[in-house]
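Shown next, in structure tokens, is the structure this report addresses.
Numbers here are sequence positions counted from 1.
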Amino acid sequence: MVSSVCWCGVLGLLLLALPCVGALEHTVKSPNGRNELTITRSKTGLRYAVTRDGKEIISRTPVSIVLDGEALPGSAAVADVERQVVDELVRPIVPTIGSPLRDNFAEVRLAFANGIALRCRAYNDGVAFRWESAIDKPRVVINREDLAFCFRQDLAVYFPIPNGEGFFSHQENRFDRRRLSETSELAPGPVPALFELGGGEYLLISDVNVESYPGLWLSGSDSTTVKATFPAYPAKTSLEGDRDVKVVERAAHLAETTGRRAYPWRAFVLVDSAGLLTSTMLYHLAEPSRLEDSSWITPGKVAWDWWNAWNLAGVPFRAGVNQATYRHYIDFAAEMGVPYIILDEGWSVPGPENLLQVVPEIDMPALIAYGRARQVGVILWMTAAALEANFAKAFAQFESWGVAGLKIDFMQRDDQVMMDFLYRAAEEAARRKMIVDFHGGSKPAGITRTFPNVLTVESVLGLEQSKWCDLANPDMAVLLPFIRMVAGPMDYTPGAMVNLQKDNFAPMFTRPASMGTRAHQLAMYIVYLSPLQMLSDSPTHYRANPDCLPFLRRVPVTWDETRVLAAEVGGHVAVARRHGDTWYLGAMTNWTARELSIPLDFLPPGKHKMTAWSDGLNADRHGQDVQVTRRPVVASTTLEVRMAPGGGFAAIIEQDISD
């Protein structure tokens with residue numbers, strides 16, 4: 001939704017639209033002049049270069065797209081050059097970083113005589129380009145896309161390490177810090193990836209609008225060049241077990257598509273560490289909402305069953321996948337003012353063909369009616385294979401039941417066929433007024449703007465990993481906001497109430513705990529962006545920790561404004577986010593104990609009251625030691641925040657109207 005548009009004058013636009021068509025070089029600069037994308041044309045094709053503050057980051061690198069066997073644009077002449085500068089305010093349907101957001105960029109579009117075009121943009125927080133085609137064919141084949149990133153220096157990179165073989169992965173990536181020249185032995189990894197430019201500056205590479213096209217992966221080398229690679233079109237797949245759809249044969253091309261379309265953006269976010277937390281370029285590059293009516297979309301928190309393994313205590317029934325257990329989760333959600341619960345794996349008979357066969361322990365219509373009476377919606381988990389096998393019938397049944405949303409899991413691919421499935425599922429869910437949480441697949445890549453009913457996406461090394469390994473630790477937790485979260489909302493699933501320091505931790509599948517402190521977990525609700533935010537632990541554990549319940553009840557999932565208070569990639573993060581008139585502060589550290597001085601100069605004039613949840617004096621030994629304090633604050637107050645190893649801090653600041 002656009003609230004206002006401020007275009008440069010008509011004369012200015014006319015002048016911008018009249019460059020020399022035959023020019024050999026075309027440059028677009030960001031409105032603040034810091035970021036620059038240059039396209040150089042020769043008889044053999046195009047090269048691109050990326051510059052920040054006058055310093056070339058990516059040197060002139062060939063770029064082309066091979067369509068029906070022809071490398072385009074090739075030697076074709078530039079038929080038209082269009083330029084524009086846009087400055088407008090956009091109000092997100094589901095706001096995360098803030099609302100409204102300023103969309104301000106300069107653009108040049110180079111149209112070639114053979115029907116291909118390259119659209120280039122420069123924002124204050126980065127640059128991007130994409131191919132567009134106007135070829136009158138109902139079907140074309142994209143054989144390959146020639147794309148690489150030729151860096152001028154041997155930079156350090158946080159290289160994505162996927163959890164899977166080849167292109168088959170949940171994309172719950174680790175990020176290993178290496179020099180570019182040390183990445184040759186690493187398997188290709190899916191973007192986003194983060195590069196250190198020096199001087200506190202960073203470059204993040206990602207893709208946006210990956211629709212009917214494969215996702216972008218990076219292949220390392222023993223030089224300073226990183227090559228792009230893509231999962232080829234799946235010619236043949238095979239179901240292994242009840243959920244893993246693996247590609248057993250790939251075609252020699254990337255995609256089969258229409259001749260008139262826009263292709264995914266190749267995006268380069270260029271900012272400092274704080275800018276990584278507030279960059280909106282990837283959001284603005286995404287296609288706007290396709291929904292005529294989005295008024296029904298309700299972000300919120302959700303009580304989750306699977307991570308805590310249905311561990312209830314002190315209840316007069318046997319806990320598990322049954323009616324009594326889920327009524328208990330609904331009662332808890334209603335008490336907390338939480339609008340959703342999830343029925344994760346187990347509610348239906350295993351196997352894709354059995355998706356709509358509800359296990360006898362559950363009466364689905366009665367359970368959904370029980371929740372509706374208490375203003376709690378039911379979200380159903382399913383595999384992508386099961387939904388695909390029952391697509392039309394399943395959506396009709398879910399709508400008949402009154403299901404509030406779907407958690408779709410085990411995609412494990414981002415080739416064209418799987419990306420087509422994501423968009424079909426999102427569109428069909430929206431048509432039936434259902435929200436969506438995509439798990440076990442690729443990062444958002446723009447779909448959460450195009451279909452705002454997709455509230456969150458996993459593709460993150462999240463808390464579930466603590467059930468079987470130690471990778472979901474504070475070192476990784478403070479890296480994610482600077483890499484994965486730049487791409488869009490992430491379903492990390494926070495909220496563990498059993499919190500252990502490094503020396504005390506051991507993975508436990510049925511009695512899981514988190515690494516780090518209790519305050520570290522609470523801070524995630526403010527630091528991590530997810531409009532469908534999980535309460536991952538058991539109602540029993542939450543009720544046993546009444547000091548935390550006021551925070552968990554009140555913390556929102558959407559935000560009107562964000563201020564970065566401290567930021568060090570992989571070290572620590574502190575943000576203040578505003579929802580209405582109330583500010584929420586969240587800070588997290590890695591395994592290093594840390595003290596931060598945080599000025600509250602973002603507060604409006606007047607008196608305020610703060611309730612804070614911080615690491616207790618013994619949190620370095622006992623991670624569950626959390627201290628709750630209340631104190632008056634004003635804009636001139638500076639907080640002294642002490643965090644234990646793996647620690648955190650969370651606070652609610654509201655106006656004091658007691659006088």
Side-chain angles (χ1 to χ4, degrees), residues 300-301 332 335-338 494-497 499 514 516-530 533-537 541-566 572-589 594-619 622-644 646-659:
K301 295 187 285 291
F332 169 72
E335 292 169 17
M336 293 287 291
V338 168
M497 292 288 104
N499 320 105
S514 72
T517 71
R518 173 74 55 77
H520 184 85
Q521 285 288 306
L522 297 180
M524 289 178 177
Y525 287 91
I526 301 166
V527 175
Y528 290 172
L529 298 173
S530 179
Q533 192 70 277
M534 302 284 168
L535 295 177
S536 63
D537 217 328
H541 285 168
Y542 288 124
R543 290 178 174 133
N545 292 276
D547 286 349
C548 297
L549 294 186
F551 174 83
L552 293 171
R553 282 193 182 97
R554 292 196 56 186
V555 65
V557 299
T558 59
W559 306 100
D560 300 315
E561 184 180 355
T562 293
R563 301 285 187 95
V564 179
L565 307 176
H572 65 275
V573 57
V575 297
R577 302 195 195 273
R578 180 178 60 82
H579 183 91
D581 295 329
T582 302
W583 284 92
Y584 297 79
L585 271 62
M588 300 164 59
T589 184
R594 205 174 301 270
E595 294 184 7
L596 298 178
S597 294
I598 299 179
L600 302 184
D601 51 6
F602 54 85
L603 293 176
K607 295 190 297 183
H608 300 76
K609 54 185 178 180
M610 180 182 77
T611 304
W613 290 259
S614 55
D615 291 328
L617 292 176
N618 297 298
H622 185 60
Q624 291 166 217
D625 186 13
V626 62
Q627 182 179 21
V628 184
T629 57
R630 296 169 180 83
R631 58 172 288 191
V633 294
V634 294
S636 59
T637 301
T638 296
L639 298 180
E640 301 299 332
V641 174
R642 184 194 65 81
M643 292 184 285
F649 174 84
I652 301 174
I653 303 178
E654 52 198 327
Q655 293 179 334
D656 188 347
I657 57 175
S658 58
D659 291 342

So how far is it from [X] [atom1] to [Y] [atom2], rounded to the nearest 0.5 Å?
X      : Y      : atom1 : atom2 : value
Met643 : Thr517 : CE    : OG1   : 9.0 Å
Asp560 : Trp583 : CG    : CH2   : 9.0 Å
Tyr584 : Tyr525 : OH    : OH    : 14.0 Å
His608 : Asp581 : NE2   : CG    : 9.0 Å
Ile526 : Phe649 : CD1   : CZ    : 8.5 Å
Gln624 : Asn618 : CD    : CG    : 13.0 Å

To check you understand the geometry: which heavy-atom pair defines the closest contact between [X] and [Y], and what is its length?
X      : Y      : result
Gly648 : Asp615 : N-OD2, 3.1 Å
Ala587 : Ala574 : CB-CB, 3.8 Å
Lys301 : Val555 : NZ-O, 2.7 Å
Pro494 : Gln533 : CD-OE1, 3.3 Å
Gly616 : Arg642 : O-NH2, 3.0 Å
Ala519 : Ser614 : CB-C, 3.9 Å

Salt bridge (Lys or Arg N to Asp or Glu O under 4.0 Å) pairs, two or more places apart, involving residues 543-559: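 Applying salt bridge (Lys or Arg N to Asp or Glu O under 4.0 Å) to every pair that reaches into residues 543-559, excluding sequence neighbours, yields Glu335-Arg543, Arg554-Glu654.
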With distance as the sole test, does [X] use its side chain to make a donor-acceptor pair with the main-chain N or O of [Y] at under 3.5 Å?
X      : Y      : result
Asp656 : Lys607 : no
His579 : Thr558 : yes
Tyr542 : Leu549 : no

Table please: side-chain donor-acceptor pairs of residues 626-640 below 3.5 Å, with sequence neighbours left out.
{"residue": "Thr637", "atom": "OG1", "partner": "Val634", "partner atom": "N", "Å": "3.0"}
{"residue": "Thr637", "atom": "OG1", "partner": "Val634", "partner atom": "O", "Å": "3.1"}
{"residue": "Glu640", "atom": "OE1", "partner": "Ser597", "partner atom": "OG", "Å": "2.7"}
{"residue": "Glu640", "atom": "OE2", "partner": "Ser597", "partner atom": "OG", "Å": "3.2"}

Within the 4.5 Å heavy-atom criterion, are [X] and [Y] side-chain neighbours or not?
X      : Y      : result
Ile653 : Arg578 : no
Thr611 : Phe551 : no
Arg577 : Pro556 : no

Results of side-chain hydrogen bond (donor to acceptor under 3.5 Å, both in side chains) for Asn499 - residues two or more places apart only: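 So Asn499 forms a side-chain hydrogen bond (donor to acceptor under 3.5 Å, both in side chains) with Ser514, Arg518.
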So among Val641, Ile652, Leu600, which one has a side chain to side chain contact (heavy atoms under 4.5 Å, CB included) with Leu585?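 The residue from Val641, Ile652, Leu600 that satisfies side chain to side chain contact (heavy atoms under 4.5 Å, CB included) with Leu585 turns out to be Leu600.
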